[in-house]
Amino acid sequence: MNFDPSVREMTNVAAVAGEVTLFRAVIARAFHDALNRRAVDNQVADSEAREARMLREEARTWLLTDSIDFRRVCQWALLEPEAVRDSAVRAIDNCDAQDGRAAA
């Protein structure tokens, strides 16, 4: 997909807005998965926890590495990759700190 917001015609604003919303939803889902507490919840069935841990690690890897995939999704979402990554680092650190307090 070659979505470059800088070359879109203003006559197709609805399509651009829809695409931006879609790619922002991809980023939001990655945040949701990266912060999923079910991955560390002892009350969850083993298979659910295992799947949650896998999704959590995949999302964290995607959010925290500088892959071309991540940069493109951010570009298509009209967001700065560095700003998204900084937000992800803060959110993950906060989540892990809360998980540590809950385990203590």
Full working for side-chain contact (heavy atoms from CB on, under 4.5 Å) between Leu78 and Phe23: CA-CA 9 Å; Leu78 301 180; Phe23 289 111; over 6 Å; no
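- Taking every heavy atom of both residues into account, Ala77 and Ile27 meet most closely at CB-CD1, 3.9 Å.
- Leu64 and Leu55 fall into different hydrophobic clusters, where Ile, Leu, Val, Met, Phe, Trp and Tyr residues are linked whenever their side-chain heavy atoms come under 4.5 Å apart, directly or through other members.
- Remark: Arg71 engages Asp66, Glu82 in a side chain to side chain donor-acceptor pair (under 3.5 Å) (not counting sequence neighbours).
- The minimum heavy-atom distance linking Ala30 with Ala59 is given by the pair O-CB, 3.3 Å.
- Rounded to the nearest 0.5 Å, atoms CG (Asn36) and CD (Glu57) are 11.0 Å apart.
- A distance of 12.5 Å separates CD of Glu58 from CH2 of Trp62, quoted to the nearest 0.5 Å.
- Residues Phe31 and Ala91 share a closest heavy-atom pair of CE2-CB, 4.2 Å.
- Hydrophobic clustering (ILVMFWY, side-chain heavy atoms < 4.5 Å, transitive): Leu79 and Phe70 are in one cluster.
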side-chain contact (heavy atoms from CB on, under 4.5 Å) between Trp76 and Val26, intermediate numbers included: CA-CA 11 Å; Trp76 295 332; Val26 169; over 6 Å; no
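- Between Arg53 and Asp33, no side-chain nitrogen of the basic residue sits less than 4.0 Å from a carboxylate oxygen of the acidic one, so the salt-bridge criterion is not met.
- Placement of Met54 and Leu35 in two distinct hydrophobic clusters is found when ILVMFWY residues are connected by side-chain heavy-atom separations under 4.5 Å, directly or transitively.
- The minimum heavy-atom distance between Leu63 and Ala34, with the atom names listed, is CD1-CB, 3.8 Å.
- Residues forming a side-chain contact (heavy atoms from CB on, under 4.5 Å) with Thr21 (at least two apart in sequence, or on another chain): none.
- Within the 4.5 Å cutoff, the side chain of Arg90 has no heavy atoms near those of the Cys95 side chain.
- Between Thr65 and Arg85, the closest heavy-atom pair is O-NH2, 3.4 Å.
- A salt bridge links Asp96 with Arg56; the closest basic N to acidic carboxylate O contact falls under 4.0 Å.
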